[in-house]
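In what follows, a structure is listed as C-alpha cells, so that the remarks can point back to it.
The first residue of the sequence shown is numbered 1, and numbering continues consecutively from there. Quantities reported herein were computed from a predicted structural model and do not represent experimental measurements.
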Amino acid sequence: MFRNNYDNDSVTFSPQGRIFQVEYALEAIKQGSAAVGLVSKTHAVLVALKRNAEELGSYQKKIIGIDTHLGVALAGLAPDARVLSNFMRQQSMSSRLLYNRPVPIARVVNAIADKAQVNTQHYGRRPYGVGLLVAGVDETGPHLWEFQPSGMVLEYRGAAIGARSQSARTYLERNFEAFPDASREELVLHGLRALRDSLAQDKELTTANVSLAIVGEGEKFKLYDGEEVADWLEKLGSTQSSRGSRGAQAAAAPAGASGSGEGGDSMEVDA
C-alpha cells in the first residue's frame, strides 16, 4: 500500500522514476464527478455533473467564474479548486489593473501550472488533488485548456475529466470535427450529450445535477444553474445515458432471454 515508502513526499522519485503523490492526485480527479469542455470558432462551453454527498445535502458547485471572459470546471478536491480559482482571480485583476486588459487565457493557465509544479519540487508540500477545464475568450479567440496536478497544461478542442469520463471522451472524439463550425446551441447540446454518456446506468441529467457555462466573442461568461438548465435539457430530449437505455431494454426482455448485462458502477465521492 505504501509503495515501499516512496510516497511519503512529493519530491522522492521511485526507482522507476515515478512520483506517487502526483499519481494519487490524478486518482482523486478520477473519483470526482465528470466535467466536459468544448470550443468552437466563436464560443467555449463547460458542462459539469454535480454530486451531493447525501440526499439531505446540497449539490457541490462544479463551475467557477473567474472573470467576465474566463471560467473553470473542476473534478476532484473542491478546496484545492477554490485555492487555484482565487489565485486565477488575482492574476486576472492584476492584468486589468496593470495593463487595463483581460488576462490572456494561456498566461493565466501557465501561471497555475507553475504554481502546481512548485508543489512537486519542495519538501513538505503536496500536489493539488484537482483537475480543471479552463474555458475563456481573449484577443486570439475562444480557448479550452486542461490543467493537471503535475503542472501539465494542454489545449483541447474538447476534453472531459472525472469519473467515467472515457465515455464522454469517446463521444467527443467521434464528433470533434463538427465543433469548430457549430453554433452556440449546437455546441451546448454536444456537451450535454457527452456528459450524458458518462452517467451511471440508474442516473439521468436533471436541473439539480447539471451546470453549464457559456462564453464567447461578444458574450460574457455566464453560468446556468438550477431551473436555468431546463430549456437546454428539453432541447436535448432523452436525459438518460445510452447504457441506461440498454439496461431498461434488458429488464423489459422476457424471462429466460439470453444476453449479457453490464455490471453496476462503483460509488465515487467528490471530496
Side-chain angles (χ1 to χ4, degrees), residues 26-38 45-63 73-78 129-131 133 146 156 158-176 178 186-213 224-271:
L26 293 172
E27 188 62 31
I29 298 173
K30 295 178 182 178
Q31 297 296 323
S33 54
V36 177
L38 309 89
V45 169
L46 295 173
V47 185
L49 186 67
K50 296 187 292 185
R51 180 185 295 157
N52 57 342
E54 56 181 74
E55 294 298 327
L56 296 177
S58 63
Y59 283 83
Q60 184 189 48
K61 189 175 182 180
K62 293 285 292 183
I63 300 179
L74 67 100
L77 300 180
V130 67
L133 294 179
E146 179 186 350
Y156 285 90
I161 56 176
R164 292 184 290 273
S165 60
Q166 183 57 50
S167 299
R169 280 194 293 267
T170 300
Y171 176 87
L172 297 175
E173 289 168 359
R174 290 174 178 170
N175 297 276
F176 76 95
E186 290 171 345
L187 198 65
V188 173
L189 293 179
H190 278 303
L192 289 173
R193 292 188 190 106
L195 188 68
R196 181 181 62 186
D197 285 353
S198 70
L199 290 172
Q201 290 183 12
D202 58 339
K203 301 294 183 180
E204 64 178 346
L205 300 180
T206 67
T207 56
N209 66 8
V210 174
S211 290
L212 69 90
Y224 295 85
D225 217 342
E227 292 302 323
E228 295 176 319
V229 186
D231 291 340
W232 294 107
L233 295 180
E234 185 177 349
K235 294 175 183 178
L236 178 65
S238 174
T239 57
Q240 194 173 24
S241 69
S242 56
R243 291 183 298 170
S245 300
R246 291 197 301 268
Q249 293 173 1
S258 61
S260 59
E262 188 170 333
D265 294 275
S266 59
M267 181 182 296
E268 298 89 1
V269 176
D270 247 343

Which atom of [X] lies closest to which atom of [Y], heavy atoms considered:
X: Phe176; Y: Glu173; answer: CD2-O, 3.0 Å
X: Ala78; Y: Gln60; answer: CB-NE2, 3.1 Å
X: Leu212; Y: Val229; answer: CD2-CG1, 4.1 Å
X: Ala194; Y: Val36; answer: CB-CG1, 4.1 Å
X: Arg193; Y: Tyr171; answer: CD-OH, 3.3 Å
X: Tyr156; Y: Glu146; answer: CE1-OE1, 3.3 Å

Mind checking what makes side-chain contact (heavy atoms from CB on, under 4.5 Å) contact with [X], not counting sequence neighbours?
X: Ala35; answer: Ala48, Ala73, Leu133, Ile161
X: Ser211; answer: Lys50, Ile63, Leu223, Asp225
X: Ala34; answer: Leu195, Ser198
X: Glu234; answer: Asp231

Can you tell me how far apart [atom1] ([X]) and [atom2] ([Y]) are? Round to the nearest 0.5 Å.
X: Gln166; Y: Lys30; atom1: CD; atom2: NZ; answer: 10.5 Å
X: Trp232; Y: Leu205; atom1: CH2; atom2: CG; answer: 14.5 Å
X: Leu233; Y: Leu189; atom1: CG; atom2: CG; answer: 10.0 Å
X: Asp202; Y: Glu204; atom1: CG; atom2: CD; answer: 10.0 Å
X: Asp197; Y: Leu192; atom1: CG; atom2: CG; answer: 11.0 Å
X: Leu38; Y: Glu186; atom1: CG; atom2: CD; answer: 12.0 Å

*Residues that Glu27 engages under side chain to side chain donor-acceptor pair (under 3.5 Å), provided they are two or more places apart*: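 Scan of Glu27 (side chain to side chain donor-acceptor pair (under 3.5 Å), adjacent residues dropped) gives Gln31.
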
Next on the checklist: Strictly distance-based, threshold 3.5 Å: is any side-chain N or O of Lys62 a donor or acceptor partner for the main-chain N or O of Leu74?
Outcome noted: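 Yes; judged by distance alone, with no hydrogens or angles, the pair exists.
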
Exercise. Would you please name every residue forming a salt bridge (Lys or Arg N to Asp or Glu O under 4.0 Å) with Lys235, sequence neighbours left out?
Key: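 Salt bridge (Lys or Arg N to Asp or Glu O under 4.0 Å) list for Lys235, sorted by chain: Glu185.
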
